[in-house]
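Keep in mind it's a predicted model, so treat the numbers as computed, not measured.
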Amino acid sequence: MLAMYGTCSCLLGGILLLQLLRSGQALDNGLARTPPMGWMSWERFRCITDCELYPNECISEKLFSRHADLLVSEGYAAAGYEYVIIDDCWLEKDRDNKTQKLVADKKRFPSGLNALADHIHDLGLKFGLYQDYGTNTCAGYPGVINHMKLDAQTFADWDVDYVKLDGCYANISDMAVGYPEFGRLLNETGRPMVYSCSWPAYQEPAGEMPDYESLKKHCNLWRNWDDIDDSLESLMQIMDYFGKNQDRIQPQAGPGHWNDPDMLLLGNYGLSYDQSKLQMAIWAIMAAPLIMSNDLEAVRPEIKAILQNRAVIAVDQDELGIQGRRILTRNQIEVWQRKITPVTKNGYHSYAVAFVSRRDDGAPYRITFTIKELGLKNPNGYAVQDLYDSSRNLGVFKKSNQFVTRVNPNGVTFYKFTAQ
Ligand code: GLA
């Protein structure tokens with residue numbers, strides 16, 4: 001009996017150890033210690049595949065190699081933007097007949113993905129690729145479901161550094177097992193690849209609550225909610241989702257594992273100058289991946305300056321990786337706040353604080369808060385700096401002091417409160 005028990009526990013221990021090792025592999029691939037930054041095709045270029053009609057916009061090796069070049073020549077790479085990510089519509093409609101391998105569209109990617117990856121890597125950048133857990137991608141190209149091991153290996157062979165795995169044409173109830181499985185297969189190739197998962201964005205609308213412990217274990221980032229579109233309305237809808245669900249979502253973020261509210265819209269058609277500052281500030285507060293989707297050749301200088309604002313990027317990339325929250329709303333002015341470095345010897349954090357106006361009544365809106373109302377409690381106070389105008393130091397504020405700001409309609413003001 002004893003001997004049998006011994007054998008059983010040993011067997012059980014072995015299985016547990018194996019599982020632990022497996023999940024351990026997936027848990028920490030050492031990547032995305034700060035939210036990933038880069039450029040991705042979907043929001044701006046969608047599924048444009050007619051290269052004769054739209055030679056500069058179609059999903060093709062030209063588009064990605066042009067944008068890799070622009071990331072460097074326009075100064076984005078120096079500001080931290082690193083990943084060049086192909087979204088949907090890069091595939092042939094069929095797998096290779098003999099090998100069953102995925103095939104990149106032969107007309108639009110004539111040099112093959114290895115050549116594109118080489119070009120991206122030669123520039124000091126990293127290469128990302130989209131696929132889908134189901135039978136098909138959202139745009140109808142072949143998905144990974146029946147070829148997971150082969151596809152993971154193909155990605156590694158193509159020198160991919162980042163995988164976005166979407167969830168169209170799949171059983172939502174299989175995702176909790178299937179996504180970790182694909183992550184494990186990616187890890188088993190031995191090539192480190194950032195793993196971006198979409199399963200919560202499919203589970204939640206279907207009424208299933210995402211298992212965040214599993215997400216943190218298996219994915220470097222995950223899409224929580226709807227796709228972003230090129231409008232203030234879409235942006236606000238996503239911000240509201242994160243604000244309303246923050247108790248559940250905010251604690252999940254940290255080095256190596258991030259919530260993903262989707263791409264940056266800056267540089268496109270839908271957002272004004274003020275609204276562009278707003279998205280950038282709130283994405284920094286949310287410790288969001290900063291993945292642009294725009295035509296980098298067409299970005300106006302003042303929008304480029306927002307995208308490359310080092311002080312705002314530093315908030316997004318803060319080493320503590322603590323996601324921020326919407327802490328109060330008054331007179332349609334929302335206050336969003338994030339704990340950042342430096343932290344004082346007594347353990348008081350510094351903060352990034354954004355004031356977002358949901359107002360449209362013309363003039364900039366003047367509003368006053370006490371420092372205490374902003375949730376800032378350090379007895380020695382805070383030195384305040386305007387993050388959109390680094391030359392503007394506002395002085396030191398203590399608990400009982402009043403803080404006045406003036407926010408443009410549908411705009412933002414954004415400050416760093418450095419604990420003294
Ligand atoms: C889904 C994703 C988008 C994009 C498209 C591509 O909608 O959420 O980000 O990848 O599919 O078809």
- Phe64 and Ile85, any side-chain heavy atoms less than 4.5 Å apart: no
- Query: Side chains of Val343 and Leu320: closer than 4.5 Å at any heavy-atom pair?
  - Reply: yes
- Ignoring hydrogens and geometry, is there a side-chain-to-backbone donor-acceptor pair from Glu92 to Lys106 under 3.5 Å? yes
- Note on the structure: In this structure, CD1 of Ile313 is separated from OG1 of Thr34 (nearest 0.5 Å) by 11.0 Å
- Query: Between the main-chain N or O of Tyr348 and the side-chain N or O of Asn378, is there a donor-acceptor pair closer than 3.5 Å?
  - Reply: no
- Item | Heavy-atom donor-acceptor pair, Asn268 side chain to Ser293 backbone, under 3.5 Å | yes
- Message: Between Asp88 (side chain only) and Thr137 (backbone N and O only), is there a donor and an acceptor less than 3.5 Å apart?
- Response: no
- Query: Going through the distances and angles, do Asn146 and Arg95 end up as a side-chain contact (heavy atoms from CB on, under 4.5 Å)?
  - Reply: CA-CA 12 Å; Asn146 296 317; Arg95 288 173 177 270; over 6 Å; no
- Between Asp161 and Arg191, is there a side-chain N and carboxylate O pair less than 4.0 Å apart? yes
- Query: Are the side chain of Thr329 and the backbone of Glu334 linked by a donor-acceptor contact shorter than 3.5 Å?
  - Reply: no
- Search all heavy atoms of Ala311 against all heavy atoms of Leu387 and return the closest pair with its distance. CB-CD2, 3.7 Å
- Message: Evaluate Glu319 against Arg33 for salt bridge (Lys or Arg N to Asp or Glu O under 4.0 Å), listing each step before the verdict.
- Response: CA-CA 8 Å; Glu319 67 190 78; Arg33 303 305 295 169; over 6 Å; no
- Look only at the side chain of Asn114 and the backbone of Asp157, and say whether a donor-acceptor pair between them is shorter than 3.5 Å. yes
- Task: Quick one: do Ile306 and Leu266 satisfy side-chain contact (heavy atoms from CB on, under 4.5 Å)? Show the steps, please.
- Result: CA-CA 9 Å; Ile306 304 171; Leu266 286 82; 3.6 Å; yes
- Can you tell if the side chain of Phe414 reaches within under 4.5 Å of the side chain of Met280, non-hydrogen atoms only? no
- Task: May I ask you to establish whether Lys416 and Tyr351 are in a cation-pi arrangement, using a distance under 6.0 Å from NZ or CZ to the six-membered ring centre and at most 45° from the ring axis?
- Result: no
- Message: Run the side-chain contact (heavy atoms from CB on, under 4.5 Å) test on Asn410 and Asp274 for me, step by step, so that the C-alpha distance in whole Å, both residues' side-chain angles and the decisive distance to 0.1 Å come before the verdict.
- Response: CA-CA 7 Å; Asn410 289 309; Asp274 282 282; over 6 Å; no
- Between Glu43 (side chain) and Leu264 (backbone), is there a donor-acceptor pair under 3.5 Å? no
- Message: Are Lys217 and His257 packed together at the side-chain level, in the sense that at least one heavy-atom pair is separated by less than 4.5 angstrom?
- Response: no
- Message: If you define the side chain from C-beta out and look only at heavy atoms, does anything of Gln252 sit under 4.5 Å from Leu215?
- Response: no
- Query: Does Asp166 use its side chain to pair, donor to acceptor, with the backbone of Gln131 at less than 3.5 Å?
  - Reply: no
- Item | Sidechain-backbone polar pair: Gln279 side chain, Leu235 backbone, donor-acceptor under 3.5 Å | no
- Leu123 side chain near Leu71 side chain, heavy-atom distance below 4.5 Å: no
- Gln337 side chain near Leu376 side chain, heavy-atom distance below 4.5 Å: yes
- In sequence, state the C-alpha distance, the side-chain angles, and the governing distance for Lys62 and Asp69, and then conclude on salt bridge (Lys or Arg N to Asp or Glu O under 4.0 Å). CA-CA 10 Å; Lys62 262 196 192 161; Asp69 293 343; over 6 Å; no
- Query: Regarding Asn331 and Tyr365, is there a side-chain donor-to-acceptor distance under 3.5 Å anywhere?
  - Reply: yes
- residues 148-189 vs ring pair (Phe, Tyr, Trp, His ring centres under 6.0 Å), sequence neighbours excluded, gives Tyr83-Tyr162, Trp90-Trp158, Tyr133-Tyr179, Tyr179-Trp199
- Does Asn29 reach the main-chain N or O of Leu31 with its side chain, forming a donor-acceptor pair under 3.5 Å? yes
- Query: What's the verdict on salt bridge (Lys or Arg N to Asp or Glu O under 4.0 Å) for Asp386 and Arg392, showing C-alpha distance, side-chain angles and the deciding distance?
  - Reply: CA-CA 6 Å; Asp386 185 336; Arg392 241 184 108 217; 2.8 Å; yes
- Message: Counting C-beta onward and ignoring hydrogens, is there a side-chain heavy-atom pair between Cys168 and Tyr202 closer than 4.5 Å?
- Response: yes
- Task: State whether a side-chain donor-acceptor pair under 3.5 Å links Thr341 with Asp318.
- Result: yes
- Message: salt bridge (Lys or Arg N to Asp or Glu O under 4.0 Å), that's the test. Do Asp260 and Lys164 meet it? Break it down for me.
- Response: CA-CA 12 Å; Asp260 178 8; Lys164 170 178 173 180; over 6 Å; no
- Yes or no on side-chain contact (heavy atoms from CB on, under 4.5 Å) for Phe403 and Phe417, after CA distance, side-chain angles and deciding distance? CA-CA 11 Å; Phe403 187 79; Phe417 285 71; 3.9 Å; yes
